[in-house]
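No hydrogens, no waters, no symmetry mates; every other heavy atom, side chains included, goes into these values. Bear in mind the structure is a predicted one, so any value in this text is a computation, not a measurement.
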Amino acid sequence: MTPLLWGVTGLAMAAGSWRLASAPRPLLRRLLALLLHLLYRLRFRGRGQIPPHGPAIVVCNHVSFMDALVVGVASPRPLRFLMDKPIYDSPWLNWLFRRVGAIPVDADRRDPGSVRQALAEVSRALRQGEVVMVFPEGRLTPDGEIQPFRRGLELILARDAVPVIPAGLAGLWGSWTSHEGGKALTRPPRRFRARVALYFGDAIPPAEVSRRMVAARVCALKAEADRWAVPARRG
């Protein structure tokens, strides 16, 4: 890339960041959707599983730092989502996370009371009829496979019994925002217009939810999404 093109790209990114920072939430969602559709070839399925009204929890596998934005753009309703507090506090992106309704959470050993505060905010959002997204693995996958689910979902449902919508995400493993080939965000982007698929499954009534069952459904949905996002090589 020539110095001139780098300069033009930098100015465009700066202008875009200013516009995003000053945008109200509905416009911000539209701008993010446009950006993601430019970066990736997106395929969404089952978005109608998210109820048009009332509280719900979306549960998805965690592949990259772009996951929450992809799920948020796919959702027909605004989402709140839990995220790692050190990332939430990033001086470059904190304004974005605050505007899209992120809920920061940190390990109690680093920030005593953080989990309790995050759960209280999740409960408040659900009782106000919002949709909350969680990544039950609690971290980015280190190998592209779904990791064991932690008990955060059970703690949330113990407070607020709401429907759970499983979702499987595929296509972002191998991107610069994933841990493939090294720590995420430590290398330049190598792919453009990659296929990314997000498939939502049938809503699960809260009385039927178990950690094992939700994990199995997310795994099955990811496998379906993989067949489009990561097609088998021929020959």
Min side-chain heavy-atom separation Phe81-Val58 under 4.5 Å: no
Validation row: Arg212, Phe149 side chains within 4.5 angstrom (heavy atoms): no
CD-CZ distance between Glu180 and Arg190, expressed to the nearest 0.5 angstrom: 5.5 Å
ILVMFWY network linking Ile204 to Phe200, side-chain heavy atoms under 4.5 angstrom: no
Same apolar cluster (I L V M F W Y, side chains within < 4.5 Å links), Val214/Ile146: yes
Leu38 with Leu27, same ILVMFWY side-chain cluster at under 4.5 Å: no
Minimum heavy-atom distance between Arg77 and Ile50, given as atom pair plus value: CD-CG2, 4.3 Å
Residues Arg45, Leu221; criterion side-chain contact (heavy atoms from CB on, under 4.5 Å); working and verdict: CA-CA 10 Å; Arg45 193 188 75 183; Leu221 289 162; 4.0 Å; yes
Partners passing side chain to side chain donor-acceptor pair (under 3.5 Å) against Asp202 (at least two apart in sequence or in another chain): Gln49
CG-CG distance between Leu39 and Leu34, expressed to the nearest 0.5 angstrom: 9.5 Å
Note, Leu169 side chain near Val196 side chain (heavy atom, < 4.5 Å): yes
Any donor-acceptor N/O pair, Ser178 side chain to Gly174 backbone, under 3.5 Å: yes
Enclosure of Arg151 CZ (heavy-atom neighbours >12, cutoff 6.0 Å): no
Pairwise side-chain contact, Leu126 with Ile57, heavy-atom cut-off 4.5 Å (strictly under): yes
Chi angles and distances behind the side-chain contact (heavy atoms from CB on, under 4.5 Å) call for Lys222, Tyr199: CA-CA 7 Å; Lys222 177 185 177 298; Tyr199 291 178; over 6 Å; no
Expected output: side-chain Asp89 to main-chain Pro86 donor-acceptor under 3.5 Å: no
Derivation of the side-chain contact (heavy atoms from CB on, under 4.5 Å) call for Leu119 and Ile156: CA-CA 7 Å; Leu119 290 174; Ile156 293 170; 3.7 Å; yes
Exam field: side chain Asp143 to backbone Glu145, donor-acceptor pair closer than 3.5 Å: yes
Pair listing, ring pair (Phe, Tyr, Trp, His ring centres under 6.0 Å) test, anchored in residues 27-58, at least two apart: none
Between CD1 on residue Ile103 and CE on residue Met133, distance to nearest 0.5 Å: 10.0 Å
Residue pair Asp106 / Tyr88, side-chain heavy-atom distance below 4.5 Å: no
Closest non-hydrogen atom pair, Val164 against Val209: CG2-CG2, 3.8 Å
Val122 and Arg80, any side-chain heavy atoms less than 4.5 Å apart: no
Smallest separation among heavy atoms of Glu137 and Cys60, with atom names: OE1-O, 4.3 Å
Where at least one partner belongs to residues 172-195, residue pairs that pass ring pair (Phe, Tyr, Trp, His ring centres under 6.0 Å), sequence neighbours excluded: none
Val218-Val162 co-clustered via ILVMFWY side chain contacts under 4.5 Å: yes
Spacing of Asp84 atom CG and Ser90 atom OG [to the nearest 0.5 Å]: 11.5 Å
Pro51 and Ile165, any side-chain heavy atoms less than 4.5 Å apart: yes
Stepwise side-chain contact (heavy atoms from CB on, under 4.5 Å) check, Phe135 with Leu82: CA-CA 8 Å; Phe135 297 113; Leu82 286 163; over 6 Å; no
Euclidean distance, Glu208 CD relative to Met213 CE, rounded to 0.5 Å: 6.0 Å
Ala102 to Met83 - nearest heavy-atom pair and separation: CB-SD, 3.6 Å
Test applied, side-chain contact (heavy atoms from CB on, under 4.5 Å); reference residue, Thr177; option that passes from Asp67, Leu185, Val63: Leu185
Any Leu96 side-chain heavy atom under 4.5 Å of Leu28 side chain: yes
Closest approach of Pro104 to Ala118 (non-hydrogen atoms, all atoms of both residues): O-CB, 3.7 Å
Expected output: side-chain Arg195 to main-chain Ala170 donor-acceptor under 3.5 Å: no
From CG (Leu31) to CZ (Arg29), nearest 0.5 Å: 11.5 Å
Single-linkage hydrophobic cluster, 4.5 Å side-chain cutoff, Met66 and Leu198 together: yes
Shortest non-hydrogen separation from Leu36 to Leu69 and the atoms involved: CD1-O, 3.5 Å
